2 protein chains.
Amino acid sequence: MAAFSGSTLLRPRHVQRRAISQKTDPSNDEPDAGFTLDPPSGTRDFFPEKMRMQRWLFDRFRETAQSYGFQEYDAPVLEHEDLYKRKAGEEITEQMYNFRDKEGAAVTLRPEMTPSLARMVLSLMRAETGAIAAVLPLKWYSIPQCWRFETTQRGRKREHYQWNMDIVGVSEVTAEAELLSAVVSFFENVGITSKDVGLRINSRKVLGAVLNTAGVTSDKFAETCVIIDKLDKIGADAVKQELSKQVGLSTEVADTIVAATGAKTLEEFADIAGVGESAEVQELRRLFALAEDYGFADWLQFDASVVRGLAYYTGVVFEGFDKAGVLRAVCGGGRYDKLLELYGSKKEVPCVGFGFGDCVVMELLKERGVLPELGPNVDMVVAAYNADMMGKAMNVARRLRQTGKSVDVYPEAARKVKKAFRYADKVGASRIAFVAPDEWERGEVRIKDLRCAADTPNDKKQCDIPLDKLGEIDNFFS
Amino acid sequence: MAAFSGSTLLRPRHVQRRAISQKTDPSNDEPDAGFTLDPPSGTRDFFPEKMRMQRWLFDRFRETAQSYGFQEYDAPVLEHEDLYKRKAGEEITEQMYNFRDKEGAAVTLRPEMTPSLARMVLSLMRAETGAIAAVLPLKWYSIPQCWRFETTQRGRKREHYQWNMDIVGVSEVTAEAELLSAVVSFFENVGITSKDVGLRINSRKVLGAVLNTAGVTSDKFAETCVIIDKLDKIGADAVKQELSKQVGLSTEVADTIVAATGAKTLEEFADIAGVGESAEVQELRRLFALAEDYGFADWLQFDASVVRGLAYYTGVVFEGFDKAGVLRAVCGGGRYDKLLELYGSKKEVPCVGFGFGDCVVMELLKERGVLPELGPNVDMVVAAYNADMMGKAMNVARRLRQTGKSVDVYPEAARKVKKAFRYADKVGASRIAFVAPDEWERGEVRIKDLRCAADTPNDKKQCDIPLDKLGEIDNFFS
């Protein structure tokens, strides 16, 4: 839902194209027929070190979603382009990574996950009994890779992963409270506090009420919101101009709306917007009250300028922001009660969700110094004394793995013991097993501790362990 | 490495296109301008139930790889098309899901993972010190989604996930032994035995020796192998014809090769091929001996007909097969010592790896009846007695989540208690907490056990637990 809303996404990537010589395919009439060792422009390789951190982050996403009782789902990274055809001038639909497949179908690498979710939910509701009530409410999450294509700035990222959580079938703001609480739980789990990050809350419904009072038809609503979202980027005057030229709002209404977004409190906002203590305003108050009871109100603040750039939001919208002011929106979301109707639902299906990009949160964790130190990948290395012992070494490795340990076999016969030690050190193992003929004949394996202090007595540094006792190896080094 | 080698991939998918009415975009001049609720042709949605099973499978892949000390990596699903330009007539490169991006770059949804791995390894070796030894050997794994596009049969799958494990930098067959052992460990972990699945082993090196003896140049090797791999599909005569027409082999050499693939034992094969007890044959013997020591020799059998369809294999090749004869290759892999040179490496870098598709292994587990029963997603549901208690209910949920439980908040005030019970049952919760004013005033929450036997005494079915004791909730129901 928050497509590429990370500051890191706006920083030029260090583009180092290492061209390598290769025989050019004669059938290839490319202007640039060679290839580089880099992945395609704007995409990322995940080497093991980076991958482990990514896996750690995704595990925290999953842990949080599961502790809230959400179920994981997924959809193809390739979707029908039609799914995203909305005419409100959003950046996200203008920058699709779309193309025609070989059968002429208009497809795209998904720019965001919400339309896939909506498609799946609608398909499920129809497949079940036709009765919506039998399926709803649903609480679903996913961590899809999302794509965009924009040509202007080379080196900008074209993909990111985005944690999505959505609740389908709940019209009350309890759903918003649940999602905001999950965001807060995630932050708390990874060591981010309300001093680091805040959650700005607003509601498009109040804006809708203003437009309604001014006699603006509801089909102008999405476009109006998308324009207002550009305030930061293009300034108040340009926004007012677009509102009058593109949407046809009167100067007076445009002025009121832009003025209202500057309000510092919900009261002030309601006042400027001329909607008073309306149902829309009361709903926002209820959300803040629920957050108070829930115990995370310190993370929230009302902010009339938050509108979000997606056309389909209809109610509460929110975004997470870096209180240090360095990074852009950390996450964002809102209510989209009309989207399923766009896909053919005969009745409104209330939905609310958020998206949470991987790049910006990694950046945040780095800046706050709370990225975890991940332990070594390998517990033990097993080395064979000579080629004849290699199969035996592998057998030892198998026994050790059965105890739940991560065990790597040094792939060469290790007559040069130093090389095996260096290898064990490189992979981070804390013990090494040498499988050699003498011990093997006694039915034993020699194990050395690689992490013990220099003054450890010799009998604690090294141990000959019977093969059938390898399952209790930890006891020999206690 | 085993691209789409699953029988399920060859079965027509039940294609149910549910067209839905939608305002057609006038700017859209498609022949088929509407859209369906289905994902693009040949792709899969993962609804939660299916997703949980997929997650379970992936966790088993990861667990196995990690117990062998392998490190996870990833690369973008979109790659430069150049990476796959090999001219041996492989199905995999002929059926790429490729297209031009908006800047004219020739890109493709990756057909397989190995070229991305090779690209990354080479880039890493250069970035480090230039010295290969500083980085190798590497043991890496990944579970990428791979894609293909073929137009002939509608409804065939166009994507699958594929567990890849690769060892880079080891020229001895200890690497093959390690990988085969990992495959066996995975099977054992999920309840598949050597009665269900076997691993067919062969070596392309022996074939290479035959060609070499016959004076065939080494640049014909890949093409020859790709053609031989079609034996099952097109028959011996057609293969011999292609070998003579496309590769230019003499009838005699073509006959020898095809005859050799029918050999039942390694001895017979060496004999027919006329290579005797050569180094190539001895290497295969060593692999079988290592498997014996390792303890999984019962899974292996020599099979001269296994060549595999990828152009880059240079040595040992293998595939897992269903002993019931129902499913196609369950996994496949082999040694590819020349691939990094194709990408610009100045010296040969020995590599070996396998690919393991998600569809066919799921099919296998289903057929053998060993798919696990996954427990419920949610431990507890919390329901509020009325709207005023909703925030309190959420607070209770938060406390329960801090104990590690998966807790869902019933999103409506539950004056109709039955609805909340039905919901708890639907999500599989074993307990429900009712947050109501009377108990709340006493600082307590009423918890009901939903899974106890009918004759459970009342005081064990239901409990009023003090708020500050919610962390010890399990003790109240022991």
Side-chain angles (χ1 to χ4, degrees), chain A residues 20-21 25 30 35 37 39-40 43 45-48 51 55 66-67 69 71-80 82-83 85 99 102-103 106-107 119-120 122-123 137 149 151 159 170 174-175 177-178 289-290 293-295 344 377-378 390-392 394-395 398 401 406-409 411 427, chain B residues 20-22 25 30 35 37 39-40 43 45-48 51 55 66-67 69 71-80 82-83 85 99 102-103 106-107 119-120 122-123 137 149 151 170 174-175 177-178 289-290 293-295 344 377-378 390-392 394-395 398 401 406-409 411 427:
Chain A
I20 62 175
S21 67
D25 185 334
E30 300 293 308
F35 63 82
L37 292 180
T43 68
D45 284 332
F46 286 87
F47 286 90
M51 187 73 202
R55 181 66 48 209
Q66 276 159 7
S67 88
Q71 294 187 284
E72 193 174 5
Y73 71 101
D74 201 10
V77 67
L78 200 71
E79 279 279 11
H80 295 296
D82 282 345
L83 211 52
K85 289 215 163 146
F99 63 96
K102 292 172 183 172
E103 285 170 343
V107 291
R119 177 178 67 65
M120 286 174 70
L122 189 53
S123 130
F149 195 97
T151 49
E159 53 78 21
V170 179
T174 46
E178 195 72 350
L290 286 172
D293 277 346
Y294 222 138
N377 196 55
V378 170
M390 189 56 87
K392 274 80 174 168
M394 290 175 153
N395 185 288
R398 196 170 202 204
R401 283 170 190 141
S406 169
V407 181
D408 196 349
V409 175
V427 299
Chain B
I20 62 176
S21 66
Q22 204 217 13
D25 186 333
E30 302 291 307
F35 63 83
L37 292 182
T43 68
D45 285 331
F46 286 88
F47 286 90
M51 187 72 202
R55 181 66 48 209
Q66 276 159 8
S67 89
Q71 295 188 283
E72 192 174 6
Y73 72 101
D74 201 10
V77 67
L78 200 72
E79 278 280 10
H80 294 297
D82 282 345
L83 211 51
K85 289 215 164 148
F99 63 96
K102 293 172 182 171
E103 284 169 345
V107 290
R119 177 179 64 66
M120 286 173 69
L122 189 53
S123 129
F149 194 97
T151 49
V170 179
T174 47
E178 194 73 351
L290 285 172
D293 278 346
Y294 222 137
N377 196 54
V378 169
M390 189 55 86
K392 274 82 177 170
M394 289 175 153
N395 184 290
R398 196 170 202 203
R401 281 171 192 142
S406 169
V407 182
D408 196 348
V409 176
V427 298

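When reading the values below, keep in mind they use all heavy atoms of this one structure, side chains included, and skip hydrogens, waters and symmetry mates. Just so it is clear, the structure is predicted and the values come from calculations on it, not from any experiment.
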**Prompt:** Does B/F47 reach the side chain of A/S123, with side-chain heavy atoms less than 4.5 Å apart?
**Reply:** yes
**Request:** Against chain B, work out which of A/P76, A/A75, A/G69, A/A289 has the most heavy-atom pairs shorter than 4.5 Å and name it.
**Result:** A/P76
**Asked** In Å and rounded to the nearest 0.5 Å, what is the CE to CG distance from B/M120 to A/L37?
**Response** 11.5 Å
**Asked** Which atoms of A/V170 come close to chain B, meaning under 4.5 Å heavy atom to heavy atom: side chain ones, backbone ones, both, or neither?
**Response** side chain
**Asked** So which heavy atom on A/P40 is nearest to which on B/L78, and how close?
**Response** CG-O, 3.2 Å
**Item:** When B/V77, B/V107, B/N377, B/V378 are compared by non-hydrogen pairs under 4.5 Å with chain A, the top option
**Value:** B/N377
**Prompt:** What heavy-atom pair brings B/Y294 and A/R398 nearest, and what distance separates the two atoms?
**Reply:** O-CD, 3.4 Å
**Request:** Working to the nearest 0.5 Å, report the span between CG of B/D45 and CG of A/D74.
**Result:** 8.5 Å
**Request:** Go through the atoms of B/R401 and report whether side chain, backbone, both or neither lie under 4.5 Å from a heavy atom of chain A.
**Result:** side chain
**Item:** Interatomic spacing from NZ in A/K102 to CZ in B/F99 - rounded to 0.5 Å
**Value:** 11.0 Å
**Prompt:** Listed by chain and number, what are the side chain to side chain donor-acceptor pair (under 3.5 Å) partners of A/N395, not counting sequence neighbours?
**Reply:** A/R399
**Message:** With rounding to the nearest 0.5 angstrom, report the CG to NZ distance, A/L290 to B/K392.
**Reply:** 9.5 Å
**Prompt:** Who passes side chain to side chain donor-acceptor pair (under 3.5 Å) against B/Y73, sequence neighbours left out?
**Reply:** none
**Asked** Can you check whether A/Q71 reaches B/M51 side chain to side chain, under 4.5 Å on heavy atoms?
**Response** no
**Message:** What I'd like to find out is whether the side chain of A/E178 reaches to under 4.5 Å of the side chain of B/P411, using heavy atoms alone.
**Reply:** no
**Message:** Quick check for you: to the nearest 0.5 Å, what is the distance between A/D293 atom CG and B/M394 atom CE?
**Reply:** 9.5 Å
**Asked** Who among B/P48, B/S406, B/A177 has the most heavy-atom pairs with chain A under 4.5 Å?
**Response** B/P48
